[in-house]
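Inspection log for the structure reproduced underneath, given as structure tokens.
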Amino acid sequence: PRPPPSPPPPTPPPPAPPPPQYPPGLSDTVDDSAPGVGSYTGWCTCPNGITYAVGDNVDACGSLACIGGVGWDCSSHWQRPHAHGSRTRVMCAGSYMSCHLKVQVDSTGLVAIVHPDTWWSRFKRDSGELFRVRWAGDAYPTLEGTNCSQPACEIRHSSCLCDVRVSVAPIFSSAASLPSLADAAEQLRIGAPAPHAHDAGTYALAAARPDGVELHLPTAQQSGAPLDESAIFGLPVNGSVRYFFNKGSTVTIAGGGDTVHVTPFSFRNAPHFVSFLDGHATVRDAQHETDAVLDHFYRHPNTAPFLCHRLIQRFTTSNPSPRYVAACSAAFRTGAHAGTTYSRRYGDLGAAVAAILLDREARDEILDSDPTHGQLREPLLKVLHLLRSLDYKSDKGAEFELHNLDSCIGQQAHQAPSVFNFFKPDSTPAGVARETGVAVPEADTSTSPLVVCLLNGINSLVTRGLTSCGNGFAGNNQRNCWHEERRTDYYFSSARPIDAVRGFAPAAWAEPGWQPGVSGATEDGAAKVVGELSLLLTAGRLSPHARGVIASAYRFRAGGWGDQSALSRALQLFAVSLEFHTTNFNELGQPRQLAATGRVGDGKRYRAVVVLFMNGGLDSYSLLVPHSNCKPHPTHADLHEEYRAVRGVVGINRAELLPIQSVPGTQPCDVFGVNPVGDAMRDLYDDGQLSFLANIGSL
């Protein structure tokens, strides 16, 4: 038999790509004075083979470059990019790693990346694009001493401009001695794809620790060899496994040209997804970076206690104990609570809420007597509580309109003033709360004007219904309060009716033998009504003292004005009870004694400046008016007559004004006139107890 044919000769490898071809006089970087700049018209071929047109006969665009892969046209308004007649700077991707980078370090250790030869403002000197880095040992170059000196750094204004070197090296070296979970989580910062995401057999599990740390090595790596950068660690993070390469990237302050001068200053090179190169940033990279940031926040160890503390503040108490927060956090992380399995996954809000509402700090009644436990109720919840508990209904089935509550009570549904809610979670008012160190977030909505407006609105609600009349909470469009109060024919035929009326009636009124206007005037009848209201409005926490005060008022009104009037009076008193505004028991104690303070002064009587802000209802020239004995002036012979001419129909006649004397020669007039209704102010002024300060407003 013939021998088998010889195999064909091997295919020779393809020829190496030709070296970059640059036009005459054009190298990786071309300065303004280099040959061809401003007069050469030709092509720049980058190492990646892409060719760009460069040059023209105009010197306005400055230097040319061939260092990256992105073209930038100085004359884009000609709509002729990368062609003869337009100036182009080019950056070739193959040469980017050879760029010389610096960092500018401010006095607090924040750094900005600087590319000295760039035209991008974000990488120029003094760009202000500062970010925080983790300096080794918290040490960084400063202007003090010789830290900011050549050959590695130079002083620039109040910062240090320094050369840097970037190095990448393995972090852990031995597979036989795996790091603890805490050490691995602290030092491993560069993410890796999951080992099972590679082709089958590429990676294999080499070792694991009881705390969940896993080591995955390439199957081709020799057993016992030191770990290199290709090793992948798996770390348990809040119910999932996160994978990291065994490598760290370090930026070191080092410079000096051929003789590298290495300083002791270095920081961890922070990872980023989006390319710094102009034109290389992609939507995909931005999406990946956004996902990574959100996932980092979601699985951060502080996320569970942070959310739980905020949720507990809204549900049960403003000052939860560490144990309470820890129990909620465990449920959020594990998806289980008290033997009940919910999702058994990290981030389970259902399990977290169950832990909050079923915890002993939420259900033990003894804590209601603790003055640091519980909450100050939000004003909007108090208004809604009244509307629901007292069964307010619209006569015509229309939706309720709660008008401008934010300006009245400090809250309006879906209209928080910012993403940080209506109040700060750690806010505490001055006084006992601040002295004892407890948080009262809702106190931010309990300023004097807001509390007064809330109480006025509740008073209108329980006595009139949901209306704008009497400082009520409803809108005032097409409302006529005069006709509404008197129930005139116009009110029933044309005016806007009351938006909602109270439908609630105490159960005692329906009991057999209840006599309207009679039974309510008895102690037993009043106690039944007040007891039911206490259950509805204060969860039965009304103190015996407050219960007695309200029952007495109910009996008095029921005997003289009837049950409906008595019920309205009782609701008014409930609205000012401490139990309605808080979730605690209220026990009367001894009045607090104010510490005596020594009188400081020169012996004169105490005086105060009282500001009456009339919200546009009373301007200076309606309160204090030029009267007589005024100084001569080129524009007028009589200042009062000029006042009348300017003010027109709203001006006040001299005869109607209440005259007061000023110190002669100190004011435009020796005699001024006070508005006719200001006789009390005129008397105080004459007695030396009041002064007028005119023209102090924004106008």
Side-chain angles (χ1 to χ4, degrees), residues 96-97 101 103 111 113 131-139 164-254 260 262-276 284-285 288-302 346:
Y96 174 69
M97 294 303 293
L101 295 179
V103 294
V111 304
I113 299 175
F131 57 94
R132 184 168 56 184
V133 297
R134 181 176 292 188
W135 289 96
D138 292 329
V164 295
R165 296 289 186 272
V166 180
S167 60
V168 179
I171 295 180
F172 301 108
S173 58
S174 174
S177 179
L178 293 185
S180 66
L181 177 60
D183 289 341
E186 173 64 23
Q187 300 186 57
L188 296 174
R189 298 288 179 171
I190 300 179
H196 58 263
H198 296 80
D199 292 338
T202 303
Y203 274 85
L205 178 64
R209 281 176 50 96
D211 58 7
V213 175
E214 301 174 352
L215 174 63
H216 300 263
L217 296 176
T219 54
Q221 183 170 325
Q222 296 181 357
S223 176
L227 300 181
D228 60 16
E229 300 163 14
S230 64
I232 296 178
F233 282 87
L235 309 180
V237 179
N238 288 329
S240 66
V241 179
R242 314 301 301 276
Y243 296 97
F244 300 88
F245 279 120
N246 179 41
K247 64 180 180 180
S249 179
T250 304
V251 178
T252 303
I253 304 297
V260 177
V262 179
T263 72
F265 306 117
S266 63
F267 59 84
R268 178 172 64 84
N269 195 10
H272 66 94
F273 290 67
V274 181
S275 174
F276 288 151
R284 181 202 63 180
D285 292 341
H288 288 333
E289 183 160 351
T290 302
D291 288 342
V293 169
L294 293 177
D295 195 62
H296 172 76
F297 289 147
Y298 175 59
R299 298 194 181 276
H300 194 280
N302 286 347
Y346 174 82

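- Contact annotation: the side chain of F233 approaches that of L227 to within less than 4.5 Å [non-hydrogen atoms, C-beta and beyond].
- Checked against the 6.0 Å centroid threshold, H288 and F273 do not count as a close aromatic pair.
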Determine whether E186 and R268 satisfy the following criterion, salt bridge (Lys or Arg N to Asp or Glu O under 4.0 Å), listing intermediate values before the conclusion. CA-CA 12 Å; E186 173 64 23; R268 178 172 64 84; over 6 Å; no
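- Here F245 contributes atom CZ and I171 contributes atom CD1; the two are 12.5 Å apart, rounded to the nearest 0.5 Å.
- Contact record, L181 with R209: N-NE, 4.5 Å, taken as the closest heavy-atom pair.
- Looking at L205 and E214, their side chains come closer than 4.5 Å, going by heavy atoms from C-beta outward.
- The number of heavy-atom neighbours closer than 6.0 Å to CZ of R132, taken from other residues, nucleotides and ligands shown, is 12 or below.
- Under the 4.5 Å side-chain criterion, counting only non-hydrogen atoms from C-beta, I232 is not in contact with F244.
- Side-chain contact between I253 and V103: present, with at least one pair of heavy atoms (C-beta onward) separated by less than 4.5 Å.
- Atom CG of L101 sits about 10.5 Å away from atom CZ of R165, to the nearest 0.5 Å.
- To the nearest 0.5 angstrom, D183 atom CG is 6.0 Å from F172 atom CZ.
- Q187 is not listed as a side-chain neighbour of P179, based on a closest heavy-atom distance of 4.5 Å or more.
- The minimum heavy-atom distance between I190 and S249, with the atom names listed, is CD1-N, 4.1 Å.
- Within 6.0 Å of OH in Y298 there are more than 12 heavy atoms belonging to other residues, nucleotides or ligands.
- Side-chain contact between R134 and R189 is present, with at least one heavy-atom pair separated by less than 4.5 Å.
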Determine, stepwise, if the pair V241 / L235 fulfils side chain to side chain contact (heavy atoms under 4.5 Å, CB included). CA-CA 5 Å; V241 179; L235 309 180; over 6 Å; no
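- F265 has its side chain out of reach of T252: every pair of non-hydrogen atoms, C-beta onward, lies at least 4.5 Å apart.
- The two atoms that bring L217 and A231 nearest to each other are CD2-CB, 3.6 Å, heavy atoms only.
- Note that CZ of F297 and CG of N302 are 11.5 Å apart. Values are rounded to the nearest 0.5 Å.
- Between N246 and L188 there is a side-chain heavy-atom pair separated by less than 4.5 Å.
- Residues D228 and Q221 come closest through the heavy atom pair OD1-OE1, 3.8 Å.
- K247 approaches V168 most closely through the heavy-atom pair CD-CG1, 4.1 Å.
- The aromatic rings of Y243 and H196 sit perpendicular to each other, their planes meeting at more than 60°, with 30° as the lower class boundary.
- Closest approach of G201 to T219, counting heavy atoms only: O-OG1, 2.6 Å.
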